[in-house]
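Let me begin by presenting the structure, written as structure tokens, before commenting on it.
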Amino acid sequence: MSEMQNIQWFPGHMTKTKRQIQANLKLVDAVAEILDARIPVSSRNPDLNKLIQNKPKVILLNKCDMANQTATKMWIDYYKKQGVKAIAVDCKSGRGLNKFPQSVNEVMSEKINRLKSKGMKNPMMRIMIVGIPNVGKSSFINRVSRQNRARVEDRPGVTRGNQWFTISNNLEMLDTPGVLWPKFDDKIVGEHLAFTGAVKDQILDIELLAVRLLDFLKQLKPDDFIARFKLDKDELDSTDSYDLLKIIGKKRGMLVSGGEIDTERAAIMLLDEFRAAKLGRITVEMPYGELK
Ligand code: G4P
């Protein structure tokens, strides 16, 4: 796994990205961290809190249309208990985005009140978006900026060329997101990112990945998955995951010459359907689970 991730994040690239983010952080008051609601642990950047230091943060649990609703609520509650504001969003449809300005105001309330007490009528707050590749940063920015007029900023102290979107009467957002790296050295993190398609398939053993996904689905037993492949729920636990891949391939008529089952095609199909949420709205990582 670490080899795979090094392909995307060689050290020079990381240093450059980090520097860019640090420079942009100087321009903003708060950060919106986008996570994939299906894998809130693995889609985190391990160094973000260190990078942003004491800046207030809002977590956006994106792609909530594909995650289990109860699990998403549990995650929001989990963050709340830690004093972190999180909201569920779906940047494809725009659902949940109306809550964004209010959430930022909430985490910024201390600063806003301080500035107001000094006589500022309506202090303008600035925010930047951060997240690992494919979590939906561009989708978020496109959605929000479509609804809000873009304007070029040329106030002193602001890097030339930076563009800000007006989100509400006291909130502006930087147009360029901070692209962060995922956790490098954890095999499970790599697998979960691959389940959701956040990392490229060409560098992974697709059949092995499908078997690992089936290990998980066998335990969870989502109704849509069972119904879709007409599986016997009671036999799932005792079926080897590679055999299960063959059963699924056979049910879809994926055969190669000689009557053998085309397990590679079955693996691609299974992952595609999982990624499109056709096997159900499935959250892979739960709060208080084994992954922390
Ligand atoms: P990034 O900037 O963080 O790299 O991510 P980006 O917005 O490009 O989103 C990555 C993929 O995730 C895109 O799909 C995008 O449509 C999808 N996506 C983003 N937010 C959501 C969401 O809330 N729900 C769902 N279901 N999908 C979301 P793609 O296949 O790369 O492109 P396309 O299908 O949009 O053409």
Side-chain angles (χ1 to χ4, degrees), residues 4-5 7-9 13-14 16-18 20-21 24 31-48 51-52 57-69 71-73 75-76 86-100 103 127-148 150 163 165 167 173-183 189-190 192-204 206 222 224 268-285:
M4 159 194 83
Q5 279 149 350
I7 294 170
Q8 293 183 310
W9 294 103
H13 183 191
M14 235 178 90
K16 196 173 159 227
T17 307
K18 207 170 181 170
Q20 262 166 8
I21 293 179
N24 284 339
V31 167
E33 178 186 20
I34 306 195
L35 301 179
D36 184 323
R38 296 165 298 173
I39 49 166
V41 179
S42 298
S43 57
R44 276 189 62 194
N45 166 269
D47 304 320
L48 182 67
L51 267 173
I52 65 173
K57 179 177 84 171
V58 173
I59 289 181
L60 303 176
L61 289 171
N62 189 34
K63 309 199 184 185
C64 71
D65 55 308
M66 298 202 278
N68 178 282
Q69 280 159 296
T72 302
K73 282 197 189 107
W75 272 112
I76 290 173
I87 56 170
V89 294
D90 163 1
C91 291
K92 215 155 189 178
S93 75
R95 216 169 299 129
L97 291 178
N98 56 336
K99 287 193 189 146
F100 179 65
S103 315
I127 193 154
M128 74 178 280
I129 309 302
V130 296
I132 65 164
N134 280 314
V135 282
K137 296 177 298 300
S138 330
S139 305
F140 177 85
I141 290 174
N142 286 341
R143 269 268 155 204
V144 174
S145 59
R146 227 185 294 159
Q147 292 154 2
N148 301 280
Q163 213 173 329
F165 295 117
I167 309 285
M173 176 182 71
L174 186 63
D175 71 335
T176 354
V179 185
L180 297 162
W181 51 94
K183 197 160 183 253
V189 168
H192 289 181
L193 288 168
F195 286 173
T196 61
V199 291
K200 291 192 180 69
D201 280 340
Q202 298 93 293
I203 36 186
L204 292 165
I206 199 86
D224 290 351
I268 294 168
M269 179 268 304
L270 181 78
L271 285 157
D272 277 351
E273 297 200 355
F274 176 80
R275 289 168 187 166
K278 287 182 182 159
L279 310 183
R281 294 176 60 163
I282 298 170
T283 298
V284 179
E285 295 167 354

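Remember, it's 1-based here, ligands and their atoms both numbered in the order they're listed.
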Protein heavy-atom partner closest to [atom] - residue, atom, separation in Å:
atom: atom 14 (O) of ligand 1; result: K92 NZ, 4.9 Å
atom: atom 26 (N) of ligand 1; result: D65 OD2, 2.8 Å
atom: atom 5 (O) of ligand 1; result: G136 N, 3.1 Å
atom: atom 4 (O) of ligand 1; result: N134 N, 2.8 Å
atom: atom 8 (O) of ligand 1; result: S138 OG, 3.9 Å

Check whether [X] reaches the backbone of [Y] with its side chain - one donor and one acceptor, N or O, closer than 3.5 Å.
X: R143; Y: R95; value: no
X: N62; Y: V135; value: yes
X: S145; Y: F165; value: no
X: R275; Y: A194; value: yes
X: D90; Y: C64; value: no
X: R38; Y: T283; value: no
X: K73; Y: N68; value: no

Do protein heavy atoms approach [atom] to less than 4.0 Å?
atom: atom 18 (N) of ligand 1; result: yes
atom: atom 2 (O) of ligand 1; result: yes
atom: atom 29 (P) of ligand 1; result: no
atom: atom 12 (O) of ligand 1; result: yes

Inset, instruction - Taking only heavy atoms of N62 into account, list the atoms of ligand 1 that are under 4.0 Å away from them. - result: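 Atoms satisfying the 4.0 Å criterion: 19 (C), 20 (N), 21 (C), 22 (C), 23 (O).
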Inset, instruction - List every atom of ligand 1 that sits less than 4.0 Å from any heavy atom of K137, numbering the atoms from 1 in the order shown and giving each element. - result: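 Listed by number with element, the hits are 1 (P), 2 (O), 3 (O), 4 (O), 5 (O), 7 (O).
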Inset, instruction - Flag V89 as yes when one of its N or O atoms lies below 3.5 Å from any N or O atom of ligand 1, and as no otherwise. - result: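 So ligand 1 has no N or O lying under 3.5 Å from an N or O of V89.
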Inset, instruction - Give yes if a backbone or side-chain nitrogen or oxygen of F140 is under 3.5 Å from a nitrogen or oxygen of ligand 1, and no if not. - result: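 The answer is no, given that F140 and ligand 1 share no N or O pair closer than 3.5 Å.
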Inset, instruction - Pick whichever of G197, S139, A67, A198 has a heavy atom sitting closest to atom 7 (O) of ligand 1. - result: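 Comparing heavy atoms across G197, S139, A67, A198, the nearest one to atom 7 (O) of ligand 1 lies in S139.
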Inset, instruction - Closest by any non-hydrogen atom to atom 23 (O) of ligand 1: pick that one out of A88, S93, C91. - result: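 That would be C91.
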Inset, instruction - Using a 4.0 Å heavy-atom threshold (strictly under), name the region of D90 that reaches ligand 1: side chain, backbone, both or neither. - result: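 It is both parts that get close, each with some atom under 4.0 Å.
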Inset, instruction - Output the distance between atom CZ (R44) and atom CD (E285), rounded to the nearest 0.5 Å. - result: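 Here the rounded value is 11.0 Å.
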Legend entry - Given I87, L60, V58, the one that forms side-chain contact (heavy atoms from CB on, under 4.5 Å) with K99: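 Only match with K99 under side-chain contact (heavy atoms from CB on, under 4.5 Å): I87.
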Legend entry - Minimum-distance pair of heavy atoms, taken over all atoms of A276 and M66: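 Scanning both residues completely, I find the closest heavy atoms to be C-SD, 4.3 Å.
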